[in-house]
Amino acid sequence: MNKYTVILVDDEEEVIQVIMKKIDWEGLGFFVIGYANNGVKALEMVEEYQPDVVMTDIKMPYMDGMELANRIKAKFPATKLLLFTGFDEFEYAKEAVHLEVEEYILKPVNSIELTDVFTQLKIKLDQEISEKRSVEVLQQYYMEALPILQANFYSTLLEGKIQESELKKYLFDYQISLLGPFFCCLVVHTSLSQAPENMNPLLLSTSVQKQIEEYLGERWQVKWFSYLGNTILITQLKSENEVSELTDECDRFCRYIHRIIGAVVTVGIGQVCKNILALAQSYRGAREAVSYRAIYGASRAINIKEIAPQEMSGTNGTNDAQLFNLFKKIRMGSVEEIKEAAHKYVEHMSLTAKSLQQHHIAIMDLVSELYRFSTNNDLVIEQFSEDMQNLYSRLVERDPKVLLEWLIDISLSCHEKLIMARSRSTQSFVLKAKEYVKDNYFKEELSLDSICEVLGVSSSYFSTIFKKETGSSFIGYLTDFRMERASHMLIETNEKSYMIAKHVGYTDPNYFSYVFKRKFGVSPSKYRTEHMESEK
């Protein structure tokens, strides 16, 4: 049973004592916590105790009951007010309806009437408490459901179904803080086919999610959720350039999680965006980056901007899933997969075109998208060398079989040229790194991180490409280059070893000697002596 507190206010203490004695307060569910003989003292008590009910006379010194009631309602609107007064003040008191007074009680106070007033007041207070508690229960339910609501919001966001006008309300209602100012979507794919022996796939995914939260959560203000069998991360960046650091940290996470629990995890990293709604596009890029594990390998982070900087724009302009699939196969599929995707597209186009006009439009869309794809990837395609109007006209007149042959031919041509373009791109990339080493090998601060900063890529991607093209790690190449320079200086100059060490980027001569001996099998001084003797 709820007990409610009461403060009595009257400048006549006898009246207060009579009221306190005549009423069975405990039986009614109330407890008188104090009384005051003027409005000023009463207000002090209200501020200290914040009672549920204040029963006050109107005529009092220093501050009358009307002013007291006004102040209480202003500061403590939930407090219930009862006014008891003489007959001549009754009409005046009733005019103060804005005070929301519960009851006006005439003096002398009648115990039966007063008991009835407090009985009804108890019922009202109980109802209000019950309603408030119901709200609290609903709030509790809401908080329990909040993670699900947030996950639903994130998935809807990635599907591009959130309107600009709705975004602010969703973020507020679902208590989501996305301050950015830059955002990037990551797709974390855990291979279930390569799960550790006797490991439940569900437990494996849960374990990976837990490790993600600990490893990446705080640094990147991660919002994570499950979507279509993968773990999706929305990360927040201070600048666009931080994506290289993010890529490297994700790459370290992939190796860490494989070492700790044996999970084979690939992290796809989409484009950085400034608009929250653009995360839908970032997600598509991250999802596609994951699919490149077939080329670059799993248990690593793959940044779509690094592996396909030109391929990200203009390839998703169509809403046709079949055409999007064809482009995907052109980028990274086999010859047979490209042929199959082309066949499905032509078959799909034939089924959906219900009139000759629709067929013509579909042909124009196909040619336009293929032309845009080749242009965005800097590919010179012979089939587009003729006038586009003539090409449209010729293709419109061809039957599906001939159209399919043309589509396969141009798709395979794009595929081959993309492979060649990637090869040229990585070779150019490595050549720039080698040129930079040639011009800066003498700088002690030259390192994997510094060369990646110059080139604007993550160290994980750079290391993979450099080793693939040269057969050596970057640090190994840099060390060999420095040692070759040092060996020439030992033979061709009279410089002291410690000076030569400094000339090739080593401030510690002892470490230089150690590295030199590891490379040539002898110390720098002995190397110089042996070569001088051989020349004699």
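Just so it is clear, the model here is predicted, and its values are computed rather than measured.
Sorted by first then second residue, the salt bridge (charged side-chain N to carboxylate O under 4.0 Å, His left out) pairs that include residues 504-514, not counting sequence neighbours, number zero. Residue pairs meeting the salt bridge (charged side-chain N to carboxylate O under 4.0 Å, His left out) criterion with at least one partner in residues 220-229, sequence neighbours excluded, do not occur; the list is empty.
Counting only N and O atoms by type, the side chains of N325 and K328 include no donor and acceptor under 3.5 Å apart. Residues S458 and E306 have side chains that bring a donor and an acceptor to within less than 3.5 angstrom of each other. Side-chain contact annotation: S226 with Q209, donor-acceptor N/O pair under 3.5 Å present. Inspection of the W220 and E249 side chains reveals an N or O donor paired with an N or O acceptor under 3.5 Å. Side-chain contact check for D248 and S459: at least one donor-acceptor pair (N or O, by modelled atom type) lies under 3.5 Å.
Two residues are said to be in side-chain contact when any heavy atoms from C-beta on lie closer than 4.5 Å; F512 and V504 meet this criterion. K526 places none of its side-chain heavy atoms less than 4.5 Å from the side chain of K517. I232 has its side chain within reach of V187: a pair of non-hydrogen atoms, C-beta onward, lies under 4.5 Å apart. With contacts defined as side-chain heavy-atom distances shorter than 4.5 Å, the pair C254/T266 does not qualify. In this structure, W224 and E213 have side chains that are in contact, with non-hydrogen atoms separated by less than 4.5 Å. Residues S513 and S523 have side chains not in contact (no heavy-atom distance under 4.5 Å, counting atoms from C-beta outward). You'll find the side chain of L179 reaches within 4.5 Å of the side chain of Q236, heavy atoms only. Residues S487 and F516 meet the side-chain proximity criterion, which asks for heavy atoms closer than 4.5 Å.
At most 12 non-hydrogen atoms from other residues, nucleotides or ligands lie less than 6.0 angstrom from NE2 of H343. Within 6.0 Å of the OH atom in Y498, the count of heavy atoms belonging to other residues, nucleotides or ligands does not exceed 12. Within 6.0 Å of atom CD in E453, 12 or fewer heavy atoms from other residues, nucleotides or ligands are found, so the atom counts as exposed in its surroundings. A 6.0 Å sphere centred on CD of E492 holds more than 12 heavy atoms belonging to other residues, nucleotides or ligands. Annotation: I148, atom CD1; neighbour count of heavy atoms from other residues, nucleotides and ligands within 6.0 Å does not exceed 12. N494 CG: 12 or fewer foreign heavy atoms inside a 6.0 Å radius.
Although no hydrogens or angles enter the test, the distance criterion places no donor-acceptor pair under 3.5 Å between the side chain of S413 and the main chain of D409. Between the side chain of T493 and the backbone N or O of M489, at least one donor-acceptor pair lies under 3.5 Å. Side chain of H415 to main chain of I330: a donor-acceptor pair is present (N/O by atom type, distance under 3.5 Å, no hydrogens or angles).
Scanning all heavy atoms of the two residues, the minimum distance from Q271 to S282 falls at O-OG, 2.7 Å. Here the closest heavy-atom approach between residue C185 and residue L158 is recorded as SG-CD2, 4.2 Å. S191 approaches L204 most closely through the heavy-atom pair O-CD2, 4.2 Å. Taking each heavy atom of K434 and Y477 in turn, the nearest pair found is CG-OH, 3.5 Å. Counting all heavy atoms, side chain and backbone alike, L407 lies closest to I410 at O-CG2, 3.3 Å. The two atoms that bring Y441 and H503 nearest to each other are CE1-O, 3.8 Å, heavy atoms only.
Residues meeting the side chain to side chain donor-acceptor pair (under 3.5 Å) test with R255, sequence neighbours left out: D251. The ring pair (Phe, Tyr, Trp, His ring centres under 6.0 Å) search around Y215 returns F253, Y256, not counting sequence neighbours. Looking at residues two or more places apart in sequence or on another chain, you find a side chain to side chain contact (heavy atoms under 4.5 Å, CB included) between K432 and S428, L455. For K210, there are no side chain to side chain donor-acceptor pair (under 3.5 Å) partners at least two apart in sequence or on another chain.
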I would like to know whether F225 and Q150 meet side chain to side chain contact (heavy atoms under 4.5 Å, CB included); could you show each step before the answer?
-> CA-CA 9 Å; F225 57 101; Q150 291 173 339; over 6 Å; no
Show your reasoning for whether side chain to side chain contact (heavy atoms under 4.5 Å, CB included) applies to V272 and S239.
-> CA-CA 9 Å; V272 176; S239 71; over 6 Å; no
Does the pair Y227 and Y154 meet the rule for a ring-ring contact (aromatic ring centres under 6.0 Å, His included), with working shown?
-> CA-CA 9 Å; Y227 182 63; Y154 292 136; over 10 Å; no
Does the side-chain hydrogen bond (donor to acceptor under 3.5 Å, both in side chains) test come out yes or no for S299 and R293, once each step is laid out?
-> CA-CA 9 Å; S299 274; R293 68 188 185 279; over 6 Å; no
Between R331 and E288, does a salt bridge (Lys or Arg N to Asp or Glu O under 4.0 Å) hold up when you go through it step by step?
-> CA-CA 11 Å; R331 291 192 203 101; E288 186 161 345; 2.6 Å; yes
Checking side chain to side chain contact (heavy atoms under 4.5 Å, CB included) for the pair V188/V265: CA distance, chi angles, key distance, verdict?
-> CA-CA 7 Å; V188 181; V265 173; 3.5 Å; yes
Check the pair T479, F474 against side chain to side chain contact (heavy atoms under 4.5 Å, CB included), reporting the backbone distance first and the verdict last.
-> CA-CA 8 Å; T479 301; F474 174 74; over 6 Å; no
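Ion pairing between E405 and K339 fails under the 4.0 Å rule for side-chain N and carboxylate O. With salt bridges taken as basic N to acidic carboxylate O contacts below 4.0 Å, one links E340 and K344. Looking at E159 and K161, a side-chain N of the basic residue comes within less than 4.0 Å of a carboxylate O on the acidic one, giving a salt bridge. K238 and E245 are not joined by a salt bridge, as no carboxylate oxygen comes within less than 4.0 angstrom of a charged side-chain nitrogen. Using a cutoff of 4.0 Å between basic side-chain nitrogens and carboxylate oxygens, K502 and E444 are not scored as salt-bridged. Salt-bridge check for E369 with R372: passed, with a basic side-chain N closer than 4.0 Å to an acidic carboxylate O.
The CG atom of L167 sits 7.5 Å away from atom CG of L157, with the distance rounded to the nearest 0.5 Å. F466 contributes atom CZ, which lies 6.5 Å from atom OG of S472 (distance to the nearest 0.5 angstrom). Within the model, atoms OG of S155 and OH of Y283 stand 10.0 Å from one another, a figure rounded to the nearest 0.5 Å. Residue L277 holds its CG atom at 10.0 Å from CD of E166, rounded to the nearest 0.5 Å. Distance CZ/F153 to OH/Y170: 8.0 Å, rounded to 0.5 Å. Annotation: the span from Y511 atom OH to Y514 atom OH amounts to 7.0 Å, rounded to 0.5 Å.
Just one residue in the list V430, V457, T470 forms a side chain to side chain contact (heavy atoms under 4.5 Å, CB included) with I465, and that residue is V430.
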